[in-house]
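What follows is a single structure, written as structure tokens, with notes after it.
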Protein chains: 2
Amino acid sequence: MEEAPASSRHDLCQACAIRNQAICSDLDPREIGILNGIGRRRRLAAGEQLMWEGHEAVLVANVIEGILKLSSHSADGKEQILGLVYPSDFLGRPFGETSPYGVEALTDSHICVFERRDFERFAREHPRLEHKLLERTLGELDRTRRWMLLLGRMTAEQKLASFLIEMADRLGTSEADGSTTVLLPLSRQQIADILGLTVETVSRQLTQLRAKGIITLSSRREIRIDVIEELQTIAG
Amino acid sequence: MEEAPASSRHDLCQACAIRNQAICSDLDPREIGILNGIGRRRRLAAGEQLMWEGHEAVLVANVIEGILKLSSHSADGKEQILGLVYPSDFLGRPFGETSPYGVEALTDSHICVFERRDFERFAREHPRLEHKLLERTLGELDRTRRWMLLLGRMTAEQKLASFLIEMADRLGTSEADGSTTVLLPLSRQQIADILGLTVETVSRQLTQLRAKGIITLSSRREIRIDVIEELQTIAG
DNA sequence: CGTTCGTTTGAGCCAAGTCAATGTGTGTGG
DNA sequence: CCACACACATTGACTTGGCTCAAACGAACG
């Protein structure tokens with residue numbers, strides 16, 4: 001694909017946009033060199049599937065650019081999005097045979113992939129990497145558990161408010177007047193699949209928030225949050 | 001409390017019931033000795049609180065005996081149980097300042113506690129322990145994500161069926177006739193708090209499953225599952 | 001034996017789901 | 001460039017699963 005010649009390989013990581021945020025950040029130049037040897041870059045188009053629920057987990061990756069979703073389906077076909085993965089996040093299931101979820105790119109993405117086996121071997125030999133991975137996994141577990149509270153105990157309105165706050169936090173650009181604009185990487189259906197709701201309910205709640213003057217729906221995917229404090233009050 | 005004299009401390013771990021399942025299982029005798037020095041045993045009565053949501057996380061622990069719950073409260077006071085912790089499971093939030101959930105013993109319990117700082121220092125110096133902890137955390141993350149699907153996309157009936165299957169799996173004793181009996185460590189309210197339902201709905205669903213001849217309610221806390229296949233069909 | 005706490009049952013209601021129609025971009029081929 | 005198709009989004013009408021409120025029941029315990 002876009003393999004660099006062996007001599008310049010070393011530079012791939014050095015020039016990496018997420019060099020200092022990802023789990024590789026603690027490694028010394030020699031270690032980075034080895035990692036470079038077993039990893040490769042890969043591009044994904046929006047909508048492209050990287051892993052399938054229940055299939056063998058052959059690879060893991062670092063996300064360099066783009067947003068991906070982890071999702072799982074109930075017996076009767078309903079989808080539940082289990083999490084979103086952002087740049088510098090780690091992706092995949094090391095030390096496990098099968099992937100418990102499917103992975104799909106929501107936007108055009110750029111990732112740094114490793115054969116799971118290669119990565120595991122490297123990780124076991126480099127405790128600093130495993131430590132980084134552990135910290136990340138613990139953080140991810142906390143975030144996932146917070147999402148359980150949302151799914152189990154919040155009303156549709158509270159769910160939407162919480163979702164918008166999170167998106168503003170992650171992807172928002174603040175304006176001078178205190179408002180924040182978010183360009184959503186998700187369709188209404190996908191928002192519903194995150195919040196455990198239906199498309200119709202998501203749509204209705206958004207129009208209600210608009211009617212209350214809390215948000216402005218600039219275009220399908222673009223939402224401006226005019227009064228974020230109101231959202232925080234609703235979310236609790 | 002029940003401190004052993006320094007000379008016999010070493011034996012505490014050797015005699016430990018979960019010696020070969022917990023995260024300490026890979027350590028050599030010397031390492032076990034150090035761990036012994038920084039840990040201590042502690043008993044908890046059913047209902048006793050070990051950690052508080054949002055408070056500083058001062059300790060971590062291994063569960064030797066008993067079952068504990070992790071839970072969190074929404075702004076309007078509703079509780080959501082985020083997970084159950086069983087013997088040989090690890091408990092607490094290493095490498096984090098505050099505990100994102102409360103921890104309470106559901107049954108009389110016996111745990112092996114460490115000051116978080118001490119544990120962290122030891123872990124960083126002993127990669128085999130960190131690796132075990134990583135594997136455990138990854139598994140816990142998978143289990144938590146599976147629960148998200150339940151909370152977001154299942155009906156009350158499916159939730160109950162899934163819950164009973166999980167409990168039978170974890171705590172059930174199989175009879176000769178193919179049935180399984182479970183002694184629940186949870187009240188109806190707590191079951192509701194796990195499944196994101198109300199007590200009334202839990203009660204109604206249980207009576208319905210009984211009416212269908214799938215389960216028998218021997219006593220409040222004791223449930224016999226007569227036809228587990230039926231439950232699996234319902235759960236999907 | 002009465003009190004208490006957890007559980008079950010009942011009646012009514014409401015939030016969110018379902019089903020169906022309409023609206024709104026966006027891209028495609030004539 | 002327009003018209004058509006198609007996918008996504010919104011809105012409306014209706015239904016319903018699970019919640020709320022309230023009462024009755026039952027086991028455990030002083």
Side-chain angles (χ1 to χ4, degrees), chain A residues 45-47 74 76-80 106-107 150-164 182-212 215-223 234-236, chain B residues 46-47 69 74 76-81 104 106-107 150-164 182-212 215-223 234-236:
Chain A
S74 70
D76 40 344
K78 284 176 290 194
E79 178 164 2
Q80 175 68 50
L106 293 176
T107 66
L150 175 141
L151 287 174
R153 292 299 186 201
M154 287 192 183
T155 63
E157 190 186 33
Q158 291 176 311
K159 286 179 179 180
L160 252 300
S162 305
F163 170 78
L164 290 175
V182 184
L183 189 62
L184 295 174
L186 300 155
S187 70
R188 296 288 186 270
Q189 180 60 59
Q190 287 167 334
I191 297 174
D193 291 338
I194 286 184
L195 301 176
L197 298 170
T198 57
V199 216
E200 294 95 327
T201 303
V202 169
S203 185
R204 275 188 256 269
Q205 292 299 331
L206 285 176
T207 32
Q208 245 174 272
L209 288 174
R210 187 188 49 185
K212 288 184 187 168
I215 61 172
T216 308
L217 300 169
S218 324
S219 80
R220 284 190 173 184
R221 293 284 181 113
E222 194 176 328
I223 297 185
I234 293 171
Chain B
K69 68 165 195 194
S74 70
D76 40 343
K78 285 177 288 194
E79 177 163 4
Q80 175 67 51
I81 294 183
E104 185 187 313
L106 292 175
T107 66
L150 175 141
L151 287 173
R153 291 300 187 199
M154 287 192 183
T155 64
E157 191 187 32
Q158 291 176 311
K159 287 179 178 180
L160 252 300
S162 305
F163 170 77
L164 290 175
V182 184
L183 189 62
L184 295 174
L186 300 154
S187 70
R188 296 289 186 269
Q189 180 61 60
Q190 288 167 333
I191 297 174
D193 291 338
I194 286 184
L195 301 176
L197 299 170
T198 57
V199 216
E200 294 94 326
T201 303
V202 170
S203 185
R204 275 188 255 270
Q205 291 299 332
L206 284 176
T207 31
Q208 245 174 272
L209 289 174
R210 187 186 48 184
K212 287 183 186 169
I215 62 172
T216 308
L217 301 169
S218 323
S219 79
R220 284 189 174 186
R221 293 283 181 114
E222 194 175 328
I223 296 186
I234 293 171

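By convention in this document, chain letters (A, B, ...) are assigned in the order of the sequence lines, proteins followed by strands, and residues within each chain are numbered from 1. All values reported here derive from a predicted model rather than from experimental measurement.
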List the atom of [X], the atom of [Y], and the distance in Å for their closest heavy-atom pair.
{"X": "A:Leu106", "Y": "A:Gln190", "answer": "CD2-NE2, 3.5 Å"}
{"X": "A:Lys159", "Y": "A:Leu151", "answer": "NZ-O, 3.8 Å"}
{"X": "B:Ser162", "Y": "B:Met154", "answer": "OG-SD, 3.6 Å"}

Item checked: Those residues of residues 187-197 of chain B lying under 4.0 Å from DNA chain C by at least one heavy atom ->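 Under 4.0 Å from DNA chain C: B:Ser187, B:Arg188, B:Gln189.
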Next item on the list: Go through residues 150-157 of chain A and report each residue with a non-hydrogen atom lying under 4.0 Å from DNA chain C, sorted by number.
Entry: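 Nucleic-acid contacts, sorted: A:Thr155, A:Ala156.
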Check: Want to know the stems of DNA chain D: at least 3 consecutive Watson-Crick or G-U pairs with distances under 3.5 Å, which are they?
Finding: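 DNA chain D stems, ordered by first number: C:1-30 with D:1-30.
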How long is the straight-line distance from [atom2] of [Y] back to [atom1] of [X], given to the nearest 0.5 Å?
{"X": "A:Ile215", "Y": "A:Gln208", "atom1": "CD1", "atom2": "CD", "value": "10.5 Å"}
{"X": "B:Leu164", "Y": "B:Gln205", "atom1": "CG", "atom2": "CD", "value": "10.5 Å"}
{"X": "B:Leu206", "Y": "B:Leu160", "atom1": "CG", "atom2": "CG", "value": "5.0 Å"}
{"X": "B:Arg221", "Y": "B:Leu183", "atom1": "CZ", "atom2": "CG", "value": "8.0 Å"}
{"X": "B:Asp193", "Y": "B:Arg188", "atom1": "CG", "atom2": "CZ", "value": "13.5 Å"}
{"X": "A:Leu197", "Y": "A:Phe163", "atom1": "CG", "atom2": "CZ", "value": "11.0 Å"}

Next item on the list: Check whether any side-chain heavy atom of B:Leu184 lies under 4.5 Å from a side-chain heavy atom of B:Ile191, and answer yes or no.
Entry: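 They are in side-chain contact.
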Notebook entry, point to check: Hey, are the side chains of B:Thr216 and B:Ile223 touching, using non-hydrogen atoms and a 4.5 Å cut-off?
Noted result: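 A side-chain contact is absent here, since even the closest heavy-atom pair is not under 4.5 Å.
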Checklist line | Nucleotide range of DNA chain D lying under 4.0 Å from chain A heavy atoms | finding: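 The footprint of chain A covers D:dC8 to D:dA13.
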Check: Which residues pass the side-chain contact (heavy atoms from CB on, under 4.5 Å) test with A:Lys78, sequence neighbours left out?
Finding: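 Listed in chain order: A:Ser74, A:Asp76, B:Arg153.
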Next item on the list: Looking at every strand, decide which applies to B:Thr207 at a 4.0 Å heavy-atom threshold: base, sugar-phosphate, or nothing.
Entry: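 If one applies the 4.0 Å heavy-atom cut-off, B:Thr207 turns out to touch the sugar-phosphate alone, with no base involved.
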Next item on the list: Shoot me the first and last contacting nucleotide of DNA chain C against chain B, ordered 5' to 3', at under 4.0 angstrom to non-hydrogen atoms.
Entry: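 Contacts span C:dG6 to C:dA11, reading 5' to 3'.
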Item checked: Closest-nucleotide 5' rank along DNA chain D - winner of B:Gln205 and A:Arg210 ->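 It is A:Arg210, whose closest nucleotide lies nearer the 5' terminus.
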Margin query: Go nucleotide by nucleotide along DNA chain C from the 5' end; which of A:Thr198 and A:Arg220 gets its closest nucleotide reached first?
Written below: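 Upstream on the strand: A:Thr198.
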